[in-house]
K.L.:
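One structure coming up, written as structure tokens, with questions to follow.
Below, chains carry the letters A, B, ... as their sequence lines are ordered, and counting in each starts from 1.
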Protein chains: 2
Amino acid sequence: MAEGRVEDIYDRVKQMAVTYRLRPGDRLNEVALSRELGVSRTPLREALNRLVAEKMFDFQPGTGFFCRQLDAQTVFDLYELRDITEIAAARLACARATDAQLAALKDELYATGITVDGLTVAEACARDEAFHIGIARLSGNAVLVAQLERINERIRYVRWVSLSMGQIRKSKDEHIRVIEALIARDADTAVAVLGDHISKRMDEVIDVVRQGISTIYMNTIDDLSEMVLLEENA
Amino acid sequence: MAEGRVEDIYDRVKQMAVTYRLRPGDRLNEVALSRELGVSRTPLREALNRLVAEKMFDFQPGTGFFCRQLDAQTVFDLYELRDITEIAAARLACARATDAQLAALKDELYATGITVDGLTVAEACARDEAFHIGIARLSGNAVLVAQLERINERIRYVRWVSLSMGQIRKSKDEHIRVIEALIARDADTAVAVLGDHISKRMDEVIDVVRQGISTIYMNTIDDLSEMVLLEENA
DNA sequence: GCACTCACTGCTGTATACAGATCTGCATAT
DNA sequence: ATATGCAGATCTGTATACAGCAGTGAGTGC
């Protein structure tokens, strides 16, 4: 394997944090976690320090690492920043992407299916993210893409909750309208649809957060991520 | 000290990297660096892993840590993203900041002096950054502020070079125009001035990068950061 | 003269040991 | 009953040891 060991631990722990298998606010026991992962504390701590830098964990000297608590304000800030970043990315993509690139994105969108029925929440979320990242990539700005990916990681769990509450239906429709607008080089329309799309999500999420994030943590992540989206009944 | 040791090492090494006392592309010797810092390799590596997460260092498993190479494209991307972020921040600030907050920022701007003559490059750069961060803070979005700070860290050296080449004179003027526009709640004007301000910087930097970043590294950082800006002779 | 091999040196990767700090729970006093 | 202090246990913080890999240079064969 060309991948480093720390990298591997980093991915696994991040996955645990993103999916809230590690519960927010909890201090994590290095010895126990290192044993669970089958490594020693040294590389584990190195991986944890990377996650601290990414704001995925808090670190309190003398006490240890804490799975990060997402408060309502931070969730809002993250969504707002995501909004800003994606809209800017769409404008850049509209100006810079080739027709072929846009066509490829459209094809991919259709290829992954128009409906989300039968998908798990995790799958649906991943596809949604992939489309948005796809647009960002067409901006030609790799730093922007990396940043958007990190933002997405931090709010992924919240998005799962949001999706599982059933507000995903119209997503694909809106995605298609966005890509069509980009192909027509109509940046204003693309941005308008995208902005509307995102702020609808934001509203939903605010509701979720208002209901109290704490209650959400009661659900195990398995319940949530593996939950299959039901067919529309209307 | 309430600060942790890793945190301290992290700051010191980051400072070295930001100021290019560690030269880009170089593999760094953990033993030598740990001895220089007066600590062992373990906490040093933890600090380095944080910097890897921040893209300040590259890490190649089996080989070690490398001080990050900034290529022209990445510099451009970083400036573009900074542009996007600051403009969005200014719009938010215009909508959300109180009159008192804006007045305080204006006062601070005047208090730190209108001219940069006699300042070192490092000081002039720090003040410029402080103003821009000040606006971002008024956006009320803490995540956005944190992100902007990280972007600034990554391009700080390039900015030093840019500043030392003498394009700083008009900065304060433009800053004043920005803050006046914000106070008048004229977001469009503020953004227009700010955007123009930033893209002028961007042009300068592209020139710097075109001249070849590699040649720049010849100058020690001390030459650059401590260089005092001369009075205008026109 | 050039290229290839092989041993060597030095560095990284990880485990582990130990010191010091923090937390927990019980006992005691108010 | 509540608060306080102490002792034991647990966990973190860092150094160090050692194994293994990567880079280097000399020497040899073609």
Side-chain angles (χ1 to χ4, degrees), chain A residues 1-18 20-69 214 217, chain B residues 1-18 20-69 214 217:
Chain A
M1 91 184 140
E3 279 288 301
R5 190 150 172 185
V6 171
E7 188 84 12
D8 182 53
I9 298 172
Y10 163 86
D11 285 336
R12 289 163 69 188
V13 176
K14 180 191 260 183
Q15 195 60 23
M16 288 181 176
V18 164
Y20 284 85
R21 265 204 44 209
L22 301 171
R23 290 238 302 282
D26 283 353
R27 184 175 88 195
L28 59 83
N29 186 320
E30 296 174 14
V31 176
L33 187 55
S34 67
R35 210 171 292 166
E36 183 182 339
L37 296 173
V39 296
S40 81
R41 284 174 58 216
T42 309
L44 171 60
R45 282 177 59 99
E46 292 186 5
L48 286 171
N49 270 284
R50 289 200 196 183
L51 292 163
V52 167
E54 289 186 6
K55 306 281 169 68
M56 201 78 95
F57 281 86
D58 285 327
F59 175 69
Q60 195 173 331
T63 306
F65 297 88
F66 294 81
C67 197
R68 189 169 190 73
Q69 194 86 269
S214 56
Y217 300 145
Chain B
M1 91 184 141
E3 279 287 302
R5 191 148 169 187
V6 171
E7 187 83 13
D8 183 53
I9 298 173
Y10 163 85
D11 284 336
R12 289 163 69 188
V13 176
K14 180 192 259 183
Q15 195 60 24
M16 288 181 177
V18 164
Y20 285 82
R21 263 203 46 208
L22 301 171
R23 291 239 302 282
D26 282 353
R27 185 174 85 194
L28 59 81
N29 185 322
E30 296 173 15
V31 175
L33 187 54
S34 67
R35 210 172 289 166
E36 183 182 338
L37 296 172
V39 296
S40 81
R41 285 174 59 213
T42 309
L44 171 61
R45 281 177 61 98
E46 292 186 4
L48 286 171
N49 271 283
R50 290 200 194 183
L51 292 164
V52 168
E54 289 186 5
K55 306 281 169 70
M56 200 77 96
F57 282 85
D58 286 327
F59 176 67
Q60 195 174 331
T63 307
F65 296 89
F66 293 81
C67 196
R68 190 170 188 73
Q69 195 85 267
S214 57
Y217 301 143

K.L.:
Determine the contact category for Phe65(A): base if any of its heavy atoms lies under 4.0 Å from a base atom, sugar-phosphate if only primed atoms, P, OP1 or OP2 are that close, otherwise nothing.
P.N.:
nothing
K.L.:
Taking all non-hydrogen atoms of both residues, which atom of Ala17(B) and which atom of Met56(B) are closest, and how far apart?
P.N.:
CB-CG, 4.1 Å
K.L.:
Going by ring-ring contact (aromatic ring centres under 6.0 Å, His included), name the residues that satisfy it together with Phe66(B), two or more places apart in sequence or in a different chain.
P.N.:
none
K.L.:
So, Phe65(A) versus Phe57(A), ring centres under 6.0 angstrom or not?
P.N.:
no
K.L.:
Please report the distance, rounded to the nearest Å, between CG in Asp8(B) and P in dG13(D).
P.N.:
15 Å
K.L.:
Any base atoms under 4.0 Å from Ile9(B), or only sugar-phosphate, or nothing? Heavy atoms, all strands.
P.N.:
nothing
K.L.:
Looking at Glu54(A) and Lys14(A), does any basic side-chain N land under 4.0 Å from a carboxylate oxygen?
P.N.:
yes
K.L.:
Keeping the roles fixed (side chain from Arg68(A), backbone from Lys55(A)), state whether a donor-acceptor pair exists under 3.5 Å.
P.N.:
yes
K.L.:
Taking for each residue the nucleotide of DNA chain C with the nearest heavy atom, is it Gly62(A) or Asn29(B) whose nucleotide lies nearer the 5' end?
P.N.:
Asn29(B)
K.L.:
Do you know which two heavy atoms are closest between Val6(A) and Pro43(A), and how far apart they sit?
P.N.:
CG2-CB, 4.1 Å
K.L.:
Reading DNA chain C in the 5' to 3' direction, which nucleotide is the first one with an atom under 4.0 Å from a heavy atom of chain B, and which is the last?
P.N.:
dC11(C) to dT14(C)
K.L.:
Tell me, which of residues 32-46 of chain A have any heavy atom that sits under 4.0 Å from an atom in DNA chain D?
P.N.:
Arg41(A), Arg45(A)
K.L.:
Has Asn29(A) got a side-chain atom pairing as donor or acceptor with Val31(A)'s backbone, closer than 3.5 angstrom?
P.N.:
yes
K.L.:
To check you understand the geometry: which heavy-atom pair defines the closest contact between Arg5(A) and Gly38(A), and what is its length?
P.N.:
NH2-O, 4.2 Å
K.L.:
Quick one: Phe66(A) CZ to dT12(D) C1', roughly how many Å, whole number?
P.N.:
11 Å
K.L.:
Scan Leu28(A) against the nucleic acid and name what it touches under 4.0 Å (heavy atoms): base, sugar-phosphate only, or nothing.
P.N.:
sugar-phosphate
